[in-house]
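The basis for the numbers below is simple: all heavy atoms, side chains too, and nothing from hydrogens, waters or symmetry mates. Residue numbers begin at 1 in each chain, while the letters A, B, ... track the order of the sequences.
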Protein chains: 2
Amino acid sequence: MSKSETKTSSAKNAVVAKARFARIRNDHAKELAEDYLEMIDDLTSANGEARAVDIANQLGVSHVTVTKTVARLKRDGLVTSQPYRSIFLTPKGKRIADNARRRHQTVLQFLLALGVPADSAEIDAEGIEHHISPATLKAMREFTKKNA
Amino acid sequence: MSKSETKTSSAKNAVVAKARFARIRNDHAKELAEDYLEMIDDLTSANGEARAVDIANQLGVSHVTVTKTVARLKRDGLVTSQPYRSIFLTPKGKRIADNARRRHQTVLQFLLALGVPADSAEIDAEGIEHHISPATLKAMREFTKKNA
DNA sequence: TACAGAATATAGTCTATGCTATATTCGTAA
DNA sequence: TTACGAATATAGCATAGACTATATTCTGTA
(Lines give C-alpha, C1' and ligand atoms only; values in the text may rest on other atoms or scores of the structure.)
Protein backbone atom coordinates (compact mmCIF):
# COMPACT_ATOMS: atom_id res chain seq x y z
CA MET A 1 0.00 0.00 0.00
CA SER A 2 1.61 3.25 -1.10
CA LYS A 3 1.61 6.30 1.07
CA SER A 4 -0.52 8.34 -1.28
CA GLU A 5 -3.11 5.55 -1.38
CA THR A 6 -3.09 5.43 2.38
CA LYS A 7 -3.68 9.13 2.59
CA THR A 8 -6.49 9.06 0.06
CA SER A 9 -8.33 6.11 1.51
CA SER A 10 -8.25 7.49 5.01
CA ALA A 11 -9.26 11.00 4.05
CA LYS A 12 -12.91 10.64 4.95
CA ASN A 13 -12.16 8.81 8.17
CA ALA A 14 -9.70 11.53 9.06
CA VAL A 15 -12.39 14.18 8.79
CA VAL A 16 -14.64 12.22 11.12
CA ALA A 17 -11.83 11.46 13.55
CA LYS A 18 -10.73 15.07 13.50
CA ALA A 19 -14.13 16.28 14.64
CA ARG A 20 -14.32 13.65 17.34
CA PHE A 21 -10.89 14.27 18.81
CA ALA A 22 -11.26 18.03 18.57
CA ARG A 23 -14.43 17.75 20.62
CA ILE A 24 -12.62 15.69 23.19
CA ARG A 25 -9.81 18.18 23.54
CA ASN A 26 -12.15 21.14 23.82
CA ASP A 27 -14.03 19.32 26.54
CA HIS A 28 -11.12 20.00 28.84
CA ALA A 29 -11.86 23.65 29.47
CA LYS A 30 -15.58 22.93 29.67
CA GLU A 31 -14.96 20.21 32.22
CA LEU A 32 -12.91 22.45 34.47
CA ALA A 33 -15.44 25.26 34.14
CA GLU A 34 -18.26 22.94 35.14
CA ASP A 35 -16.33 21.75 38.18
CA TYR A 36 -15.79 25.33 39.30
CA LEU A 37 -19.37 26.39 38.61
CA GLU A 38 -20.79 23.44 40.52
CA MET A 39 -18.44 24.12 43.41
CA ILE A 40 -19.33 27.81 43.49
CA ASP A 41 -23.00 26.91 43.47
CA ASP A 42 -22.54 24.39 46.29
CA LEU A 43 -20.59 26.84 48.42
CA THR A 44 -23.13 29.58 47.80
CA SER A 45 -25.94 27.27 48.89
CA ALA A 46 -24.05 26.20 51.99
CA ASN A 47 -22.48 29.49 53.08
CA GLY A 48 -24.34 32.20 51.20
CA GLU A 49 -21.18 33.02 49.25
CA ALA A 50 -18.27 31.35 47.49
CA ARG A 51 -14.87 32.55 48.66
CA ALA A 52 -11.73 31.88 46.64
CA VAL A 53 -10.09 30.21 49.61
CA ASP A 54 -12.96 27.74 49.98
CA ILE A 55 -13.00 26.92 46.30
CA ALA A 56 -9.25 26.37 46.46
CA ASN A 57 -9.58 24.03 49.44
CA GLN A 58 -12.39 22.04 47.89
CA LEU A 59 -10.75 21.66 44.49
CA GLY A 60 -7.29 21.11 45.90
CA VAL A 61 -5.56 23.93 44.04
CA SER A 62 -3.91 27.14 45.21
CA HIS A 63 -5.94 30.30 45.61
CA VAL A 64 -3.91 31.82 42.80
CA THR A 65 -5.14 29.17 40.42
CA VAL A 66 -8.68 29.89 41.57
CA THR A 67 -8.22 33.61 40.97
CA LYS A 68 -7.00 33.04 37.43
CA THR A 69 -9.67 30.52 36.58
CA VAL A 70 -12.37 32.73 38.02
CA ALA A 71 -11.05 35.56 35.84
CA ARG A 72 -11.63 33.35 32.80
CA LEU A 73 -15.09 32.39 34.00
CA LYS A 74 -15.84 36.09 34.49
CA ARG A 75 -14.51 36.90 31.04
CA ASP A 76 -16.87 34.25 29.68
CA GLY A 77 -19.85 35.70 31.53
CA LEU A 78 -20.33 32.79 33.91
CA VAL A 79 -19.54 34.46 37.24
CA THR A 80 -19.32 37.93 38.75
CA SER A 81 -16.59 39.11 41.09
CA GLN A 82 -15.12 42.25 42.60
CA PRO A 83 -11.71 42.62 44.21
CA TYR A 84 -11.59 41.15 47.72
CA ARG A 85 -15.17 39.93 47.36
CA SER A 86 -16.82 36.57 47.00
CA ILE A 87 -17.69 35.00 43.68
CA PHE A 88 -21.23 34.54 42.42
CA LEU A 89 -22.78 32.79 39.44
CA THR A 90 -24.45 34.69 36.66
CA PRO A 91 -27.75 33.25 35.41
CA LYS A 92 -25.80 31.62 32.61
CA GLY A 93 -23.31 30.14 35.05
CA LYS A 94 -26.11 28.94 37.31
CA ARG A 95 -27.78 27.23 34.36
CA ILE A 96 -24.58 25.37 33.50
CA ALA A 97 -24.02 24.40 37.14
CA ASP A 98 -27.56 23.05 37.41
CA ASN A 99 -27.22 21.04 34.23
CA ALA A 100 -23.87 19.65 35.34
CA ARG A 101 -25.32 18.63 38.69
CA ARG A 102 -28.28 16.98 37.02
CA ARG A 103 -26.00 15.03 34.73
CA HIS A 104 -23.84 14.06 37.66
CA GLN A 105 -26.83 12.69 39.55
CA THR A 106 -28.10 10.83 36.52
CA VAL A 107 -24.76 9.14 36.01
CA LEU A 108 -24.28 8.38 39.69
CA GLN A 109 -27.73 6.83 40.11
CA PHE A 110 -27.19 4.86 36.95
CA LEU A 111 -23.86 3.42 38.07
CA LEU A 112 -25.36 2.46 41.42
CA ALA A 113 -28.30 0.78 39.69
CA LEU A 114 -25.80 -1.06 37.52
CA GLY A 115 -24.21 -2.49 40.65
CA VAL A 116 -21.04 -0.42 40.85
CA PRO A 117 -19.84 0.05 44.46
CA ALA A 118 -20.67 3.48 45.85
CA ASP A 119 -17.11 4.76 46.17
CA SER A 120 -16.17 3.82 42.60
CA ALA A 121 -19.51 5.11 41.35
CA GLU A 122 -18.92 8.51 42.90
CA ILE A 123 -15.43 8.85 41.43
CA ASP A 124 -16.41 7.58 37.99
CA ALA A 125 -19.52 9.77 37.85
CA GLU A 126 -17.28 12.78 38.35
CA GLY A 127 -15.10 11.73 35.42
CA ILE A 128 -17.85 10.57 33.12
CA GLU A 129 -20.47 13.30 33.59
CA HIS A 130 -18.69 15.72 31.29
CA HIS A 131 -18.57 13.32 28.35
CA ILE A 132 -22.09 12.08 27.76
CA SER A 133 -24.50 12.83 24.97
CA PRO A 134 -28.21 13.42 25.58
CA ALA A 135 -28.92 10.05 23.99
CA THR A 136 -26.78 8.20 26.51
CA LEU A 137 -28.19 10.23 29.40
CA LYS A 138 -31.66 9.23 28.29
CA ALA A 139 -30.70 5.55 28.12
CA MET A 140 -29.17 5.82 31.59
CA ARG A 141 -32.30 7.40 33.07
CA GLU A 142 -34.49 4.71 31.57
CA PHE A 143 -32.28 1.94 32.91
CA THR A 144 -32.20 3.46 36.39
CA LYS A 145 -35.97 3.83 36.44
CA LYS A 146 -36.43 0.15 35.58
CA ASN A 147 -33.71 -1.15 37.89
CA ALA A 148 -33.78 1.18 40.88
CA MET B 1 -23.04 29.75 60.20
CA SER B 2 -19.70 31.47 60.77
CA LYS B 3 -16.85 31.17 58.33
CA SER B 4 -14.58 29.33 60.74
CA GLU B 5 -17.32 26.81 61.46
CA THR B 6 -17.82 26.29 57.77
CA LYS B 7 -14.16 25.68 57.27
CA THR B 8 -13.91 23.22 60.12
CA SER B 9 -16.98 21.21 59.23
CA SER B 10 -15.96 20.83 55.61
CA ALA B 11 -12.33 19.95 56.30
CA LYS B 12 -12.73 16.21 55.87
CA ASN B 13 -14.88 16.58 52.78
CA ALA B 14 -12.29 18.90 51.33
CA VAL B 15 -9.60 16.25 51.66
CA VAL B 16 -11.75 13.73 49.83
CA ALA B 17 -12.78 16.22 47.16
CA LYS B 18 -9.18 17.30 46.71
CA ALA B 19 -8.06 13.79 45.86
CA ARG B 20 -10.96 13.28 43.49
CA PHE B 21 -10.49 16.49 41.55
CA ALA B 22 -6.74 16.13 41.44
CA ARG B 23 -7.19 12.75 39.81
CA ILE B 24 -9.54 14.25 37.26
CA ARG B 25 -7.11 16.97 36.32
CA ASN B 26 -4.18 14.59 35.99
CA ASP B 27 -6.24 12.39 33.74
CA HIS B 28 -5.83 14.89 30.95
CA ALA B 29 -2.29 14.14 30.01
CA LYS B 30 -3.02 10.43 30.30
CA GLU B 31 -6.05 10.81 28.07
CA LEU B 32 -4.12 12.58 25.34
CA ALA B 33 -1.29 10.06 25.58
CA GLU B 34 -3.72 7.18 25.18
CA ASP B 35 -5.30 8.80 22.14
CA TYR B 36 -1.88 9.17 20.53
CA LEU B 37 -0.75 5.66 21.44
CA GLU B 38 -3.94 4.09 20.09
CA MET B 39 -3.63 6.12 16.90
CA ILE B 40 0.02 5.18 16.43
CA ASP B 41 -0.89 1.54 16.96
CA ASP B 42 -3.74 1.74 14.45
CA LEU B 43 -1.58 3.43 11.83
CA THR B 44 1.20 0.93 12.34
CA SER B 45 -1.24 -1.94 11.86
CA ALA B 46 -2.70 -0.36 8.73
CA ASN B 47 0.43 1.03 7.08
CA GLY B 48 3.36 -0.65 8.77
CA GLU B 49 4.43 2.65 10.27
CA ALA B 50 3.02 5.76 11.91
CA ARG B 51 4.09 9.01 10.27
CA ALA B 52 3.70 12.35 12.01
CA VAL B 53 1.68 13.72 9.12
CA ASP B 54 -0.83 10.86 9.37
CA ILE B 55 -1.16 11.21 13.12
CA ALA B 56 -1.71 14.93 12.63
CA ASN B 57 -4.42 14.34 10.03
CA GLN B 58 -6.20 11.75 12.11
CA LEU B 59 -6.14 13.73 15.33
CA GLY B 60 -6.84 17.03 13.67
CA VAL B 61 -3.80 18.89 14.96
CA SER B 62 -0.76 20.36 13.22
CA HIS B 63 2.29 18.21 12.64
CA VAL B 64 4.20 20.50 14.96
CA THR B 65 1.90 19.60 17.80
CA VAL B 66 2.41 15.95 16.95
CA THR B 67 6.17 16.36 17.02
CA LYS B 68 6.06 17.95 20.44
CA THR B 69 3.65 15.45 21.90
CA VAL B 70 5.65 12.56 20.48
CA ALA B 71 8.73 14.04 22.14
CA ARG B 72 6.93 13.83 25.48
CA LEU B 73 5.81 10.27 24.79
CA LYS B 74 9.40 9.42 23.90
CA ARG B 75 10.66 11.06 27.08
CA ASP B 76 8.18 8.91 29.01
CA GLY B 77 9.37 5.73 27.31
CA LEU B 78 6.17 5.08 25.36
CA VAL B 79 7.41 5.49 21.79
CA THR B 80 10.65 5.49 19.81
CA SER B 81 11.55 7.93 17.07
CA GLN B 82 14.49 9.17 15.03
CA PRO B 83 14.67 12.40 13.02
CA TYR B 84 12.76 12.18 9.74
CA ARG B 85 11.57 8.67 10.62
CA SER B 86 8.26 7.14 11.60
CA ILE B 87 7.13 6.65 15.16
CA PHE B 88 6.80 3.26 16.85
CA LEU B 89 5.45 2.08 20.17
CA THR B 90 7.68 0.66 22.86
CA PRO B 91 6.39 -2.47 24.63
CA LYS B 92 5.16 -0.20 27.39
CA GLY B 93 3.40 2.05 24.89
CA LYS B 94 1.90 -0.96 23.14
CA ARG B 95 0.58 -2.27 26.43
CA ILE B 96 -1.13 1.03 27.18
CA ALA B 97 -2.57 1.21 23.66
CA ASP B 98 -3.95 -2.31 23.96
CA ASN B 99 -5.52 -1.59 27.32
CA ALA B 100 -7.05 1.62 26.03
CA ARG B 101 -8.50 -0.16 23.03
CA ARG B 102 -9.89 -2.93 25.22
CA ARG B 103 -11.53 -0.37 27.49
CA HIS B 104 -12.88 1.45 24.47
CA GLN B 105 -14.47 -1.72 23.13
CA THR B 106 -15.93 -2.61 26.51
CA VAL B 107 -17.56 0.80 26.84
CA LEU B 108 -18.77 0.84 23.25
CA GLN B 109 -20.35 -2.61 23.44
CA PHE B 110 -21.91 -1.68 26.74
CA LEU B 111 -23.49 1.50 25.41
CA LEU B 112 -24.84 -0.38 22.41
CA ALA B 113 -26.28 -3.07 24.69
CA LEU B 114 -27.85 -0.30 26.74
CA GLY B 115 -29.66 0.91 23.65
CA VAL B 116 -27.64 4.01 22.80
CA PRO B 117 -27.63 4.76 19.04
CA ALA B 118 -24.38 3.74 17.34
CA ASP B 119 -23.16 7.22 16.44
CA SER B 120 -23.65 8.59 19.96
CA ALA B 121 -22.23 5.41 21.45
CA GLU B 122 -19.04 5.78 19.42
CA ILE B 123 -18.53 9.40 20.41
CA ASP B 124 -19.35 8.86 24.07
CA ALA B 125 -17.16 5.76 24.30
CA GLU B 126 -14.24 7.90 23.18
CA GLY B 127 -14.91 10.40 25.96
CA ILE B 128 -15.77 7.94 28.68
CA GLU B 129 -13.12 5.27 28.18
CA HIS B 130 -10.44 7.28 29.95
CA HIS B 131 -12.47 7.78 33.11
CA ILE B 132 -13.63 4.40 34.33
CA SER B 133 -12.55 2.32 37.27
CA PRO B 134 -12.03 -1.43 37.02
CA ALA B 135 -15.19 -1.91 39.10
CA THR B 136 -17.31 -0.05 36.56
CA LEU B 137 -15.65 -1.84 33.64
CA LYS B 138 -16.50 -5.12 35.28
CA ALA B 139 -20.13 -4.10 35.78
CA MET B 140 -20.29 -3.02 32.13
CA ARG B 141 -18.90 -6.32 30.89
CA GLU B 142 -21.39 -8.27 32.96
CA PHE B 143 -24.30 -6.20 31.71
CA THR B 144 -23.22 -6.57 28.09
CA LYS B 145 -22.87 -10.33 28.47
CA LYS B 146 -26.42 -10.64 29.81
CA ASN B 147 -28.00 -8.21 27.35
CA ALA B 148 -26.05 -8.68 24.14
C1' DT C 1 -10.50 51.66 67.17
C1' DA C 2 -6.54 49.57 65.94
C1' DC C 3 -4.04 45.58 65.10
C1' DA C 4 -3.08 40.73 63.96
C1' DG C 5 -4.20 37.22 61.16
C1' DA C 6 -6.92 35.72 57.28
C1' DA C 7 -8.06 36.48 52.58
C1' DT C 8 -7.00 38.29 48.25
C1' DA C 9 -4.01 40.39 44.63
C1' DT C 10 0.17 40.56 41.95
C1' DA C 11 4.57 39.30 40.00
C1' DG C 12 7.13 35.83 38.14
C1' DT C 13 7.91 30.96 36.73
C1' DC C 14 6.81 26.38 34.79
C1' DT C 15 4.72 22.62 31.73
C1' DA C 16 1.38 21.09 28.39
C1' DT C 17 -0.90 21.86 24.34
C1' DG C 18 -1.85 24.33 20.52
C1' DC C 19 -0.48 27.50 16.36
C1' DT C 20 2.26 29.87 12.02
C1' DA C 21 6.32 30.68 9.48
C1' DT C 22 10.55 29.16 7.87
C1' DA C 23 14.34 25.93 7.11
C1' DT C 24 15.93 21.43 6.27
C1' DT C 25 15.77 16.69 4.75
C1' DC C 26 13.77 12.86 2.31
C1' DG C 27 11.96 10.27 -1.56
C1' DT C 28 10.42 9.79 -5.99
C1' DA C 29 9.52 10.88 -10.85
C1' DA C 30 11.37 12.69 -14.86
C1' DT D 1 20.80 11.64 -10.87
C1' DT D 2 18.81 15.59 -9.91
C1' DA D 3 15.20 18.50 -8.81
C1' DC D 4 10.76 19.20 -6.92
C1' DG D 5 7.19 18.31 -3.74
C1' DA D 6 6.21 16.11 0.58
C1' DA D 7 7.57 15.38 5.20
C1' DT D 8 9.93 16.78 9.13
C1' DA D 9 12.47 20.03 12.14
C1' DT D 10 13.02 24.41 14.39
C1' DA D 11 12.07 29.00 16.06
C1' DG D 12 8.88 31.81 18.08
C1' DC D 13 4.38 32.81 19.95
C1' DA D 14 -0.13 32.14 22.63
C1' DT D 15 -3.30 30.33 26.16
C1' DA D 16 -4.62 27.36 29.95
C1' DG D 17 -3.65 25.77 34.18
C1' DA D 18 -0.59 25.00 37.82
C1' DC D 19 2.89 26.82 41.45
C1' DT D 20 5.71 30.03 45.17
C1' DA D 21 6.78 34.35 47.09
C1' DT D 22 5.46 38.78 48.27
C1' DA D 23 2.33 42.72 48.80
C1' DT D 24 -2.04 44.50 49.86
C1' DT D 25 -6.64 44.62 51.82
C1' DC D 26 -10.14 43.10 54.81
C1' DT D 27 -12.24 41.69 59.20
C1' DG D 28 -13.00 40.12 63.74
C1' DT D 29 -11.49 40.72 68.26
C1' DA D 30 -9.00 42.67 72.05
*Does A:Lys30 or B:Ala52 map to a spot on DNA chain D nearer the 5' end, using the closest nucleotide for each?*
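Final value for this comparison: B:Ala52.
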Atom [atom1] of [X] to atom [atom2] of [N]: distance rounded to whole Å?
X	N	atom1	atom2	result
A:Leu32	D:dA16	CG	P	11 Å
A:Glu49	C:dA7	CD	P	11 Å
B:His63	D:dA11	NE2	C1'	12 Å
B:Leu43	D:dA7	CG	P	13 Å
B:Asp27	D:dG17	CG	C1'	15 Å
B:Gln58	D:dA7	CD	C1'	17 Å
A:Tyr84	C:dA6	OH	C1'	12 Å
B:Asp54	D:dA6	CG	P	14 Å

*Pick the nucleotide of DNA chain C nearest each of A:Pro83 and A:Lys68; which residue has the one closer to the 5' end?*
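Nearest nucleotide further toward 5': that of A:Pro83.
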OP1 or OP2 of [N] versus the side-chain N and O atoms of [X]: is any pair under 4.0 Å?
X	N	result
A:Arg75	D:dA16	yes
B:Arg85	C:dG27	yes
A:Ser62	D:dC19	yes
A:Thr67	C:dA9	yes
B:Arg72	C:dT17	yes
B:Thr65	C:dC19	yes

*Do B:Arg103 and B:Glu34 pass the side chain to side chain contact (heavy atoms under 4.5 Å, CB included) test, and can you show the C-alpha distance, the side-chain angles, and the key distance before you say yes or no?*
CA-CA 11 Å; B:Arg103 277 204 312 281; B:Glu34 286 181 353; 2.8 Å; yes
_Hydrophobic cluster membership, with links at side-chain heavy-atom distances under 4.5 Å among I/L/V/M/F/W/Y: are A:Met39 and A:Ile96 in one?_
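Same hydrophobic cluster.
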*Do other residues, nucleotides or ligands put more than 12 heavy atoms under 6.0 Å from A:Lys138 NZ?*
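No - once you tally the heavy atoms of other residues, nucleotides and ligands closer than 6.0 Å, there are 12 at most.
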*Classify the nucleic acid contact of B:Val64 as base, sugar-phosphate or nothing, counting any heavy atom under 4.0 Å across all strands shown.*
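Base contact - B:Val64 has a heavy atom under 4.0 Å of at least one base atom.
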*Whether A:Phe143 and B:Phe143 hold their rings parallel, tilted or perpendicular, with breakpoints at 30° and 60°*: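 It falls in the perpendicular class, over 60°.
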Hey, can you pull the donor-acceptor pairs under 3.5 Å for the side chains in residues 60-69 of chain A, sequence neighbours left out?
{"unit_1": "A:Ser62", "atom_1": "OG", "unit_2": "A:Val64", "atom_2": "N", "d": "3.4"}
{"unit_1": "A:Ser62", "atom_1": "OG", "unit_2": "A:Thr65", "atom_2": "N", "d": "3.3"}
{"unit_1": "A:Ser62", "atom_1": "OG", "unit_2": "A:Thr65", "atom_2": "OG1", "d": "3.3"}
{"unit_1": "A:Thr67", "atom_1": "OG1", "unit_2": "A:His63", "atom_2": "O", "d": "2.9"}
{"unit_1": "A:Thr69", "atom_1": "OG1", "unit_2": "A:Thr65", "atom_2": "O", "d": "2.9"}
{"unit_1": "A:Thr69", "atom_1": "OG1", "unit_2": "A:Arg72", "atom_2": "NH2", "d": "3.4"}

